[in-house]
Amino acid sequence: MAISLKGEFLRRSSVAGTRFMSTSWFRSIEPAPKDPILGVTEAFLADQSPNKVNVGVGAYRDDDGKAVVLECVREAERRIAGNQFMEYLPIGGSIKMVEESLKLAYGDNSEFIKDKRIAAVQALSGTGACRLFAAFQQRFHPNSQIYIPVPTWANHHNIWRDAGVSMKTFRYYHPESKGLDFEGLMNDMKNAPDGSFFLLHACAHNPTGVDPSEEQWREISSQIKAKGHFPFFDMAYQGFASGDPERDAKAIRIFLEDGHLIGLAQSYAKNMGLYGQRVGCLSVLCEDEKQAVAVKSQLQLIARPMYSNPPVHGALIVSTVLGDPELKKLWLNEVKGMADRIIGMRTTLR
Ligand code: IK2
């Protein structure tokens with residue numbers, strides 16, 4: 001009934017009130033402010049200066065300022081070419097890509113993978129993984145908050161805000177020492193209500209580049225455990241901090257050793273140079289397999305009306321590279337090459 005009345009209204013208004021309808025819907029909408037990071041890229045593209053440098057979004061460039069496609073990715077592309085698979089992936093994405101992602105983060109021989117305790121889905125890169133987790137948090141812990149470091153990647157604010165999760169902050173960077181405000185961080189964790197959600201950058205903290213030492217991670221892990229907080233790791237740069245993805249997963253491994261349940265966002269934008277392919281993974285370590293099955297099914301339920309299922313091509317590249325020992329070895333060399341060059345350039349600049 002309601003539908004037919006609406007149809008009747010639209011039919012009449014299309015005769016008498018077309019002008020009214022077509023001009024009124026969006027009249028009160030003001031232009032949105034430009035994104036502080038991607039807005040710089042827009043300004044960069046519009047600028048005619050031959051000497052321009054883009055200091056906005058972090059994307060790796062070679063000595064000529066050119067975008068880089070990794071050799072392992074080129075080879076994976078050659079192998080994928082002619083692959084006729086263009087159908088929809090399942091809602092949770094490529095099983096092979098997800099398996100390889102879990103090995104990278106949790107360890108090749110992780111007991112949690114063997115015990116099927118990890119609920120994991122392919123995500124729309126790191127941003128999509130964070131957004132999916134934020135929606136999951138909002139759905140199952142609607143009164144919870146997320147504590148985010150000061151400062152953090154600007155988009156974290158938008159992600160949790162748009163998911164309807166309220167945010168609090170914890171101290172992270174100490175401007176005077178240009179290092180970690182470890183005392184402030186520990187105090188803020190201690191003073192947060194028990195059972196709060198904490199967002200942690202697993203390595204290569206954006207924007208400061210300041211990471212806790214291994215010893216500090218151990219203390220952070222103990223504090224989080226003592227307070228019953230939930231650690232959610234955003235790992236957008238695995239391999240970029242030290243040149244070795246295993247080493248960069250150290251914080252996660254410490255939390256796993258300490259018996260935490262964790263959430264984790266992974267991205268292949270930077271470490272495989274797959275920026276525009278939007279390929280990543282969201283995982284949640286659960287108490288047992290039954291819980292992991294339930295959590296995964298709920299993540300899929302959230303994803304289905306948002307984007308239905310993730311894109312195929314990037315997932316095929318990742319699973320081809322990480323699933324082949326030779327290509328994986330090449331990738332590890334290339335990651336190290338990029339990380340060493342970044343570290344070297346920063347030292348020179350300083
Ligand atoms: N999390 C952090 C901490 C990041 O730095 C990024 C990447 N930032 O640069 C790209 C941007 O500003 O959009 C991400 C997550 C997510 O990156 P992606 O969604 O490209 O994997």
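Read the numbers this way: they start at 1 and go in the same order the structure lists the ligands and their atoms.
- The ligand atoms of ligand 1 that sit less than 4.0 angstrom from a heavy atom of Lys270 are 7 (C), 8 (N), 9 (O), 10 (C).
- The nearest pair of heavy atoms linking Gly243 to Pro245 is O-CD, 4.0 Å.
- Nearest protein heavy-atom contact of atom 17 (O) of ligand 1 is Thr127 OG1, 3.9 Å.
- Minimum heavy-atom separation, Ile91 to Gln300: CG2-O, 3.4 Å.
- Ligand 1 places these atoms under 4.0 Å from at least one heavy atom of Ile37: 12 (O).
- When each atom of ligand 1 is checked for a heavy atom of Ser267 under 4.0 Å away, the hits are 18 (P), 21 (O).
- In this structure, Lys270 fails the cation-pi test against Tyr237, since its NZ or CZ atom is not both closer than 6.0 Å to the six-membered ring centre and inside 45 degrees of the ring normal.
- Taking the six-membered ring for Trp and thresholds of 30 and 60 degrees, His201 and His205 have ring planes inclined between 30 and 60 degrees apart.
- Here the heavy atom of the protein found nearest to atom 20 (O) of ligand 1 is Arg278 NH1, 3.0 Å.
- Nearest protein heavy-atom neighbour of atom 18 (P) of ligand 1: Ser125 OG, 3.3 Å.
- Nearest to atom 12 (O) of ligand 1 by heavy atom, out of Trp153, Tyr268, Tyr237, is Trp153.
- Each of the following atoms of ligand 1 lies closer than 4.0 Å to a heavy atom of Ala269: 20 (O), 21 (O).
- For ligand 1 and Gly126, the ligand atoms under 4.0 Å from any heavy atom of the residue are 18 (P), 19 (O), 21 (O).
- Short contacts between ligand 1 and Ala236, defined as distances under 4.0 Å to a heavy atom of the residue, involve ligand atoms 1 (N), 2 (C), 4 (C), 6 (C), 14 (C), 15 (C).
- With respect to atom 10 (C) of ligand 1, the closest heavy atom belonging to the protein is Val57 CG2, 3.4 Å.
- Between the Gln277 side chain and the His313 main chain, no donor and acceptor come within less than 3.5 Å of each other.
- Atoms of ligand 1 found under 4.0 Å from any heavy atom of His201, numbered from 1 in the order shown, are 3 (C).
- Between Val150 and Arg171 there is no side-chain heavy-atom pair separated by less than 4.5 Å.
- The aromatic rings of Phe240 and Tyr60 stand perpendicular to each other, their planes meeting at an angle above 60°, with 30° marking the opposite boundary.
- The minimum heavy-atom distance between Phe198 and Met189, with the atom names listed, is CE2-CG, 3.6 Å.
- Remark: the Tyr268 side chain and the Ser101 side chain contain an N/O donor-acceptor pair separated by less than 3.5 Å.
- Atoms of ligand 1 found under 4.0 Å from any heavy atom of Asn206 (numbered from 1 in listed order, with element): 3 (C), 4 (C), 5 (O).
- Between Asp234 and ligand 1, an N or O atom pair is found at a separation short of 3.5 Å.
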